[in-house]
Amino acid sequence: MATRFSYTPITRPASLSAARHWQQLVDYVAATLMRSPDATSPLVLGNTARLLAAAALSTFPNTAVLTSTIADHHDAHPAALRRAIAYIETNPDLDVGLLDIARVARVSPRAVQLAFRHHLDTTPMAYLRRIRPDRAHADLLAAGPDDGATVTAVAARRGFRSSSRFTAHYHAAYGQPPSRILHADRPESLSYPA
């Protein structure tokens, strides 16, 4: 005889403002993905899924535990940080999330967050977001006039869902829009950072 389980999901948002925020986010994601030619990029899809998951956790009642433990503080050591940084810098093109970074660092997600905060005054995901524009910059420098590269394609390849958001990040980092780099005349022997 098969056992049947009964499951009643909690579908009511925690508040009316949370419900409005959730609906606006879902509408934005749906509209953005539908008009983006690079919507199927693993980086775009992974980042979108994490965004929706985080929003769902803050919108709907749940039993997620977000407090740190003593083990988290003990594990937030420089060796874990070095492993996490090496993984991020080696894999910025992959759909990397906090759980992936923590697994490679061999600590809990909270411990890797604490290590980044304590030693670098940032978060693992913010560190990853700083690495991706650097790689995009190298892509823009490497693009030839005949290879058909676009700012939108480079942005999507490097994990940015929106080319306008990428342009803002890029401009903040490099003081000029990425299109200027992409379309600049460069000598053939120009070298750039990896």
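Because the structure is a prediction, the values reported are computed rather than measured. Reckoned from all heavy atoms, side chains included, excluding hydrogens, waters and symmetry mates.
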To the nearest 0.5 Å, what is the distance between [atom1] on [X] and [atom2] on [Y]?
| X | Y | atom1 | atom2 | value |
| --- | --- | --- | --- | --- |
| I101 | L81 | CD1 | CG | 11.0 Å |
| L52 | W22 | CG | CH2 | 5.0 Å |
| Y28 | Q23 | OH | CD | 15.5 Å |
| H118 | H77 | NE2 | NE2 | 12.0 Å |
| H171 | T167 | NE2 | OG1 | 9.5 Å |

side-chain hydrogen bond (donor to acceptor under 3.5 Å, both in side chains) against D95, all qualifying residues, sequence neighbours excluded: R50
State, yes or no, whether a side-chain contact exists between [X] and [Y] at a heavy-atom distance under 4.5 Å.
| X | Y | result |
| --- | --- | --- |
| R130 | T122 | yes |
| I85 | L120 | yes |
| P78 | R82 | yes |

Return the minimal non-hydrogen interatomic distance between [X] and [Y], and the atom names on each side.
| X | Y | answer |
| --- | --- | --- |
| A84 | V112 | CB-CG2, 3.8 Å |
| A18 | T59 | O-CG2, 3.6 Å |
| M125 | L98 | SD-N, 3.8 Å |
| A111 | V107 | CB-CB, 3.8 Å |
| L94 | R132 | O-NH2, 3.0 Å |
| A155 | S163 | CB-CA, 4.3 Å |

For Q24, all residues meeting side-chain contact (heavy atoms from CB on, under 4.5 Å), sequence neighbours excluded: none
Y87 meets the ring-ring contact (aromatic ring centres under 6.0 Å, His included) criterion, sequence neighbours left out, with none
Take a 6.0 Å sphere around NE2 of H119 and say whether it holds more than 12 heavy atoms from other residues, nucleotides or ligands.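 Counting other residues, nucleotides and ligands, NE2 of H119 exceeds 12 neighbours.
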Is the number of heavy atoms from other residues, nucleotides or ligands under 6.0 Å of D27 CG greater than 12?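 Yes, because the 6.0 Å sphere around CG of D27 holds more than 12 heavy atoms from other groups.
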Less than 3.5 Å apart, any donor N or O on the side chain of S17 or S15 sitting next to an acceptor on the other?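 Yes - a donor-acceptor pair under 3.5 Å links their side chains.
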D134 side chain to Y170 side chain, donor-acceptor N/O pair below 3.5 angstrom: no
Going by side chain to side chain contact (heavy atoms under 4.5 Å, CB included), V154 matches just one of L182, L140, I181. Which one?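 Of the listed options, the one satisfying the test is L140.
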Has [X] got a side-chain atom pairing as donor or acceptor with [Y]'s backbone, closer than 3.5 angstrom?
| X | Y | value |
| --- | --- | --- |
| R135 | E89 | yes |
| N91 | I88 | no |
| R106 | A80 | no |

